[in-house]
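Whatever order the structure lists ligands and atoms in, that order sets their numbers, starting from 1.
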Amino acid sequence: MAADGCKTVTVLGATGSVGRTTLGLIGDNPRRYRVAALTGGSNWALLAEQVRKFAPNFVAIADEDVYTPLKEALSGEPVEIAAGPAAIVAAAQRPSDWVMAGIVGLAGLSATIEAIRRGVAVAFANKECLVSSGVVMLREVLRAGATLLPVDSEHNAIFQVLEDRNRDMVDRIILTASGGPFRDCSQEEMAAKTPDEALAHPNWDMGAKISVDSATMMNKGLELIEAHHLFDMPANNIDVLIHPQSIVHSMVAYRDGSVLAQLGTPDMAIPIAHALAWPNRIPVPRARLNLVEIAALTFETPDSVRFPALRLAREVMAAGGGAPLVMNAANEVAVAGFLEGRIGFTDIVPTIEHMLGTFSVPEPQSIDDVIHLDSAARQMTSEILQA
Ligand code: NAD
Ligand code: MG
């Protein structure tokens with residue numbers, strides 16, 4: 001906490017969907033939060049604008065090619081500017097009370113780990129890192145005494161309704177899923193879907209990679225593994241329900257028959273604000289939930305034939321070892337291939353399944369292991385896609 005009582009905040013991935021929403025909340029609460037460091041991938045113009053508005057001491061951009069325009073845009077500003085992957089890690093090492101881990105994909109691992117190693121509160125959006133590194137990351141959290149605050153709307157919902165004192169009375173975790181933009185499409189229809197169609201999520205406005213993951217439902221597969229690690233819950237005690245309205249963000253069923261849920265409009269500002277203010281709450285000046293207007297909340301079982309990603313994620317959890325890491329790496333490469341127009345939408349999950357059937361790696365024992373094994377799995381997936 002700074003001398004003026006402000007919580008100091010680092011936003012990794014400030015230029016992304018989660019990062020922009022986080023900074024929006026900080027901008028609404030200037031007396032509560034002060035920004036210490038910001039990072040971006042390649043959007044230097046937006047990052048420069050954010051630096052001018054939030055006045056961090058340090059800013060890092062991953063893409064070294066845009067260091068010069070960023071530096072020129074910030075000439076005269078009292079901020080230290082750096083570029084490249086090491087600069088992103090340096091930003092995470094800068095002192096602050098709270099860090100948003102909002103980089104997408106395993107690219108965020110080193111920075112997220114550095115934030116964890118400082119033993120501070122880490123608001124956890126980047127699910128790919130936890131899926132790939134699993135207990136290796138959890139060990140770092142325990143060792144450093146860091147606090148992981150789940151930001152994914154489902155996991156934030158569970159975090160809000162999971163009673164620590166009654167952990168042994170938890171029967172099941174019920175993750176809800178919107179079903180994505182292709183919820184009612186046949187496999188034939190899905191085969192013809194373009195990146196633009198996959199990016200048009202009916203309820204949530206998100207970055208490109210997670211939007212495609214929502215369309216394949218691999219997002220829910222990653223979230224199953226994320227929930228298993230965050231809440232120490234066996235896969236068999238985690239259910240998934242399709243809930244097209246995205247109002248009930250997830251539920252915890254207790255052995256006494258009570259089912260506790262967290263509800264809200266589908267707006268990431270709500271779980272992000274919860275993590276930002278935790279253990280307190282701050283007002284979020286957005287549209288209130290109007291249940292009369294919504295009128296009906298519906299739930300159905302996911303179709304594992306049209307959406308095999310969920311089945312794959314369950315198989316991966318049962319297999320253990322390095323399987324989750326391979327699944328994540330293959331998914332990241334296949335989704336990038338789809339977004340770049342190199343493969344079709346319905347090639348994404350079969351590519352991952354093929355990788356899981358033909359390529360196995362040992363369970364990582366360290367963060368370095370995660371990085372090396374991930375890179376091997378990515379290379380193999382790229383080769384498969386080129387074949
Ligand atoms: P996004 O693509 O909008 O933003 C990603 C951020 O990471 C950007 O700032 C980008 O510049 C940065 N980045 C990308 N590659 C980088 C690299 N190699 N090095 C450094 N920075 C890099 O993604 P998003 O939708 O904000 O998602 C971020 C994370 O949060 C993902 O893991 C996603 O699964 C998770 N998440 C997002 C939402 C959502 O509503 N957007 C919801 C739940 C979870
Ligand atoms: Mg989610």
So, does G19 sit close enough to ligand 1 that a heavy atom of it is under 4.0 Å from the ligand?
no
Does any N or O of ligand 1 fall below 3.5 Å from an N or O anywhere on T15, backbone included?
yes
Could you walk me through whether Q379 and V333 pass side chain to side chain contact (heavy atoms under 4.5 Å, CB included), step by step?
CA-CA 9 Å; Q379 194 181 331; V333 173; over 6 Å; no
Backbone or side chain, does any N or O of I210 fall under 3.5 Å from an N or O of ligand 1?
no
Angular separation of E223 OE2 and E154 OE1 about the Mg ion (ligand 2), given to 10°
100°
Relative to ligand 1, is K209 under 4.0 angstrom through side chain, backbone, both or neither, heavy atoms considered?
neither
Close N or O approach (E128, ligand 1; < 3.5 Å)
yes
Mind jotting down which residue pairs meet the salt bridge (Lys or Arg N to Asp or Glu O under 4.0 Å) criterion with at least one end in residues 189-207? Sequence neighbours excluded, please.
K193-E197
Side chain or backbone of M268 under 4.0 Å from ligand 1, or both, or neither, by non-hydrogen atoms?
side chain
For atom CG of D232, decide whether the heavy atoms of other residues, nucleotides or ligands shown that lie under 6.0 angstrom number more than 12.
no
Determine, for E140 against R117, whether the closest basic-nitrogen to carboxylate-oxygen distance falls under 4.0 angstrom.
yes
Starting from atom 11 (O) of ligand 1, which protein heavy atom do you reach first, and at what distance in Å?
G41 N, 2.8 Å
N or O pair under 3.5 Å between S17 and ligand 1
yes
Taking distance alone, with N or O pairs closer than 3.5 Å, would you say A107 contacts ligand 1?
no
Under 3.5 Å: N/O of G16 near N/O of ligand 1
yes
Step-by-step side chain to side chain contact (heavy atoms under 4.5 Å, CB included) determination, W44 to Y67
CA-CA 8 Å; W44 61 268; Y67 174 69; over 6 Å; no
